[in-house]
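Since this is a predicted model, take the numbers as computed values, not measurements. Atoms within each ligand, like the ligands themselves, are counted from 1 in listed order.
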Amino acid sequence: MPALQRTEARTRARLLQVHGYAIDLDLTRGETVFGCTTVIRFGSAEAGAETFLDLRPRTLHRAVLNGTELDPAALDGNRLRLTGLLAENELRLETDQDYSSTGEGLHRYTDPADGAVYLYATCGPDLAPLVFPCFDQPDLKAPLTVAATAPADWTVLANGAGKQVAAGRWEFEPTLPISTYLFTVVAGPLHSVYSEHDGIPLGLHGRRALAADLDREAAELFEVTAASFDRLHQLFDQRYPFGRYEQAFMPEFNWGAMENPGCVVFAEDMLFHSAPTEAERTTRAMVVAHEMAHMWFGDLVTLRWWDDIWLNESFAEYLGYRVTAEATRFTSSWSGFAVKRKGWGYDADQRSTTHPIAASGVESVAEAMSNFDGISYAKGAAALRQLVAWLGDEAFFAGINEHFARHRLGNAELSEFLDVLAQSSGRDVHGWAERWLRTSGVDTLRLAVRHDGERVLSAELVPDGSRPHLVGLGVFDLDGTGRPVLRESFEVEVEPGRPTALPQLAGAPRPALLLPNFGDLSWAKIRLDEDSWRTVASALSRIEDPLTRAVLWEHARDLTRDGELPPAAYLDLVAAHLPGEPVDAIVEAVLTFCRLRLLPCLAPADRPAAEARVASAARELLARPEADQGLRLAALKSAIENATGPEQLAELEGWLADGAYGTELSASLRWAGLVRLAAQGVIGEERIAVELAADPGLTASEGAARARAALPEVEAKERAWALLFDSAGGLSNAQLNATAQGFWQSGSEQVQGAYLERYFAEIGSAGARGDMTARLLAGSLFPTGQSTPEAVALAERTLADDGLSPALRRVLTDQVDDLARAARIRG
Ligand SMILES: [Zn+2]
């Protein structure tokens, strides 16, 4: 049965009014299924009408509509037809539901360290029927009343407040009306820490094995949580409406976090089992604020249909960064946005699959799911920054508060949102939206400067694109030591189609660096004049403002991706300026770009030398006495991952035995080192097994999967391949991902060669194994490093197959675009 279509959702929303769900889960039924009894009370606008219910049970035992037994055999795929509706109806269902190992539905994880079992439910965007039968669409909101039977030593959490009423029996209060995709339960022998802020009870939860991590991190998590609540309560008229605020950190979670009202689920690596960088702490704070912003954008007022996911995600993203910068100690969060997050969006916006921020014409949930991408998050947030710069805070938040007041506990769509903003600001917000939200692609702002050597004769910004921009312009001179120093900055409004003169500069001394998009207010590529680029190349790391450096590093990345800056020249920039960079978010972003994008562009023969250059820059940074812990961690990771040649590999072995630069390696760095040694043929299966046995936790089991797949031997590759493509193998999402990530290794070209054709021959079959598995195999296992015309041709032949599932097609298309781009750069 296909995913729900918009037209079906609209018809069903007109017909039904759902009064409430009572969901009773039995979590004591063994390792594969849980029991679920659901009672749905709903009204029908039309007597005698028919509709359908969404459910994906292992077994449908009973379905009773208004006292009449329905035939369970009438279940057709994932739908049960309901006929002869009354004005008021009661539907009772008894089902067995499957536990999930892919993070879709109710995920079940067994801790290899102590055998403890943990569960959590992920229902977005259309996975709720994997947990309980429902009318699964965002605009049929209803109160959920949950009960659960669980082992006696478990804690059970759900969206509403609840308690254990008898040993192993949990009952929860009804929630406010919420969408079905926002349902969750979290259960297991959890370790919990509680607090309270401004009348809101707070809880933090994680696996028992991570109790020490949770205890250590609780202070900062509560601090960020409290500060984010305070800031959002200043910005919004309505208080947080969902009662308690639980935050659970769970294993094998597929996303950063999920905004279930009252019970946010995070990926458990945010508990930092290994010491984090400052960038990772900043990102975590941003994610905490992002999910909290969703309590208003998404949970209190919800999109009517999935073409408006930007109404959820762009706002949460924008407020996530903004609240973090304004209300927590992580004041430079926007630098991370500029140097890392935006690149994700710029890449997405330049592929063939790009789409407007407000994507109209999304007819099915499956299509919508593909749009949870860098456009809906990063570009959407950047567009909102433009909007706020243009409207001002006062009009913007007046509009938003009116929006919340009008649609509280209901649904809204783009046009309704634009109406209130137009009203509060008196500006042509609909016109702005046409040009910013209904178009796709990235504009370019190019500087054209004429000078006589001493003074500027004329300067203008030449836009290439279709949008108006409000951008900053930074003017820098060199001081006596050659350091670029800001002379002045000003804002200019750029209209599409014509150059914008910069009269402020005419007659002024010729600057060393002119920077468009200073302050990073817009979504645009920039092209500097030659003099400015020369200054960047010679003095990038000496610019004082981190956001300016972040914008310039992103610019260099963009030039490299566009083939305007050769990879070798980018590596020159890395060699010259990375060792002196004091912000770990920038160091991490640059090193990650090198590893994931730049090195795979190079011909295999050129790669070892380039890897050694990256590793050398990282080592130089490590040798700096003033480098702080975050910088050291970012650099050490890169030095490990790029260790090349007998000398560096021997040093890496030494680090595993004795620690590096005075500290013992964390488990994740230790496993990064083992993966590198395995890939280079220095260690084998025996050592991997010994290391795994010594510390059999989640980090180790994923590290071992990665290391085993990385071994440069035919038998090891064949074993990994069988694990990845044999669906009966039963790997969890996380194990599958780790195996996929380990598979392709630089230096193993000989052994890997045969798998290139096999990959493209077999990947189509992944579509039948569910969207998450398909996405992981098409994403993490894609042969990114094989950027040759032959590989591109093979990939394109695969895309010509009409039978690919939508999720698979989307990820593959994106990967093939990137592969073709890399092949062009390789030349
Ligand atoms: Zn979000």
Pairs touching residues 260-272 that satisfy side chain to side chain donor-acceptor pair (under 3.5 Å), sequence neighbours left out: Arg207-Glu268
Could Arg385 and Trp390 be counted as a cation-pi pair, given that NZ or CZ must be under 6.0 Å from the ring centre and within 45° of the axis? no
Mind checking whether Phe183 and Tyr21 have ring centres under 6.0 Å apart? no
Does the ring center of Phe297 lie less than 6.0 Å from the ring center of Phe404? yes
Do side-chain atoms of Arg438 reach the backbone of Ala358 as a donor and acceptor pair under 3.5 angstrom? yes
Using only atom types and a distance under 3.5 Å, with no angle test, would you say the side chain of His233 pairs donor to acceptor with the backbone of Tyr240? yes
Counting no waters, what protein N/O/S atoms lie under 2.8 Å from the Zn ion (ligand 1)? His290 NE2, His294 NE2, Glu313 OE1
